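What you see is a predicted model; the values in this text were computed from it and never measured. Throughout, a chain's letter reflects where its sequence line sits, starting with A, and its residues are numbered from 1.
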Amino acid sequence: MSKTRSAAASAGPARRGGPKSDFLKVLHERGYVHQCTDEAGLDAAALKGPITAYIGFDCTAPSLHVGSLLAIMMLRKLQQTGHKPIVLMGGGTTRVGDPSGKDESRRLLSDEEIAANMAGIRTVFERFLTFGDGPTDAVMVDNADWLLDLRYIPFLRDVGRHFTVNRMLTFESVRLRLEREQPLSFLEFNYMILQAYDFVELWRRMGCVLQMGGSDQWGNIVSGIDLARRLEGAELYGLTTSLLTTASGAKMGKTAAGAVWLDPDMLSPWDYWQYWRNTEDADVGRFLRLFTELPLEEIARLEALEGAELNEAKKVLATEATAMAHGREAAEKAAETARRTFEQGAAGEGLPTVELPRAELEKGFGLLTAFVAAGLAKSNGEARRHIKGGGARVNDAPVRDERAVLTPEDVTEAGVIKLSIGKKRHALIRPIG
RNA sequence: GGAGGGGUGCCCGAGUGGUUAAAGGGGACGGGCUGUAAACCCGUUGGCUAUGCCUACGUUGGUUCGAAUCCAACCCCCUCCA
């Protein structure tokens, strides 16, 4: 898109020699930037003083997972470089549903679900941002505050007339559905308009001049910028990041147990650490830049390691990333547990532990049940399959008999029984009482 | 509103009366090789109180010794027409 730049910014500094503002400099150095609507203009604005920027998060799940981490990190960088982040909760837009990047419409969530999800998501941000009333303190707002009260006809007349269906149909999110002959409801079709309106509303309310997001949000962001110009004559900016995939092309954020949640109640710091530890070789440098705050020189040194040495870099990545999400202490503990478990083959104390009344053990506790209780298998059937397949171990000794029972004799000197599925998944059973 | 097509396991998709817990693929997981990597090879992939039982092919009923497969009604989706 072409934009007329204001006269003041005509000698755009970013054109030659890269951006001058700390904010854009940092984003570039660490590999966050994919596209920007007007980088020179944004650079100039960021150089002049604190700017306010936002990213929207829809409340479709009870917490955020690593798929959103990139966005969260951008807000963090924004704050660290002296600007004000707005976390926009999509209490209103979640009622509509973003068609971007989805083959088919999502189930409609109830108001109660949305409210519950929002509450869960809220807590995640406190780890990454500093909230408050100061000029660079983060704030959280909910677009339900303005979207729910919109009146249809006035909205159509004020906002709807600035959108042509012709253009809306060219949007990736819409086109994809049409081409694949997948249904796109009118409800979802409106999503981009609402998101565009959000940007305008945030500009009006808080002087927000920048919206960031994943590259799939580009169209929606640009719509907001256009709308603001037409409605308010305001000059706003958009910046997107590449959608994050691993070097082998898989979407990020999946693990054996499901999504890689940022909430410790939904995924333990131990598992979170493990997720990062298992990063592919080819991703280590990139992830260190994006998801840790180590100095770039240090990262350069780490990613230059070759072969098995690169594992050192992965451990650093895991510990730093975990420290940011769950605190330094939890991260160190996970690292230490991993060291003992994987490098010494011992039963690291920090492994996920379930307690079991000693009486149960004396009766003989079924092996299948034990694996399920320890969270290593979803059902007895799955536990059975792993035993048959040779992937199940008790105290590091393979077990082949699915009818076996655990007894007090299985308790090691450390006072626990170590169960393993595969080489990576371990848990402890601790007799009590 | 009319006509036609369709709803199958995590996803895609085959199956049109019995040998179907349902081909094939993807994903995921386990084993091997390694470095708790990638690639590759092999295997597994509904549940259970398990030589058997239960649940499952949009929903509910029906036909039949027997149904994902046939019939009826309903719900939802797509395409074309109005």
Steps toward salt bridge (Lys or Arg N to Asp or Glu O under 4.0 Å) verdict (A/Glu293, A/Lys77) | CA-CA 10 Å; A/Glu293 298 187 326; A/Lys77 297 295 170 203; 3.1 Å; yes
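Spacing of P atoms, B/G30 relative to B/U20, comes out at 30 Å, to the nearest Å. B/U60 and B/G9 have their P atoms separated by 15 Å, given to the nearest Å. For the C1' atoms, the distance linking B/U16 with B/A22 amounts to 14 Å, nearest Å. If you take atom P in B/G26 and the same atom in B/C40, they sit 11 Å apart, rounded to whole Å. Between B/G32 and B/A39, the two C1' atoms lie 14 Å apart (nearest whole Å). As rounded to the nearest Å, B/G15 and B/U8 have P atoms that lie 14 Å from one another. Comparing the P positions of B/C10 and B/C57 gives a spacing of 12 Å, expressed to the nearest Å.
OP1 or OP2 of B/A37 has at least one side-chain nitrogen or oxygen of A/Lys424 nearer than 4.0 Å. Contact check, A/Arg385 against B/G46: no side-chain N or O comes under 4.0 Å of OP1 or OP2.
Checked by distance alone, A/Asn380 brings no side-chain donor or acceptor within 3.5 Å of a matching partner on the base of B/G47. Scanning atom types as modelled, no donor and acceptor separated by under 3.5 angstrom connect the side chain of A/Glu382 and the base of B/U45.
Residues A/Glu126 and A/Met140 fail the side-chain proximity criterion, which asks for heavy atoms closer than 4.5 Å.
Residue pairs satisfying the salt bridge (charged side-chain N to carboxylate O under 4.0 Å, His left out) criterion with at least one member in residues 152-170 of chain A, sequence neighbours excluded, are listed as follows: A/Arg167-A/Asp226.
Going from atom CD of A/Glu402 over to atom P of B/U44 covers 15 Å, rounded to whole Å.
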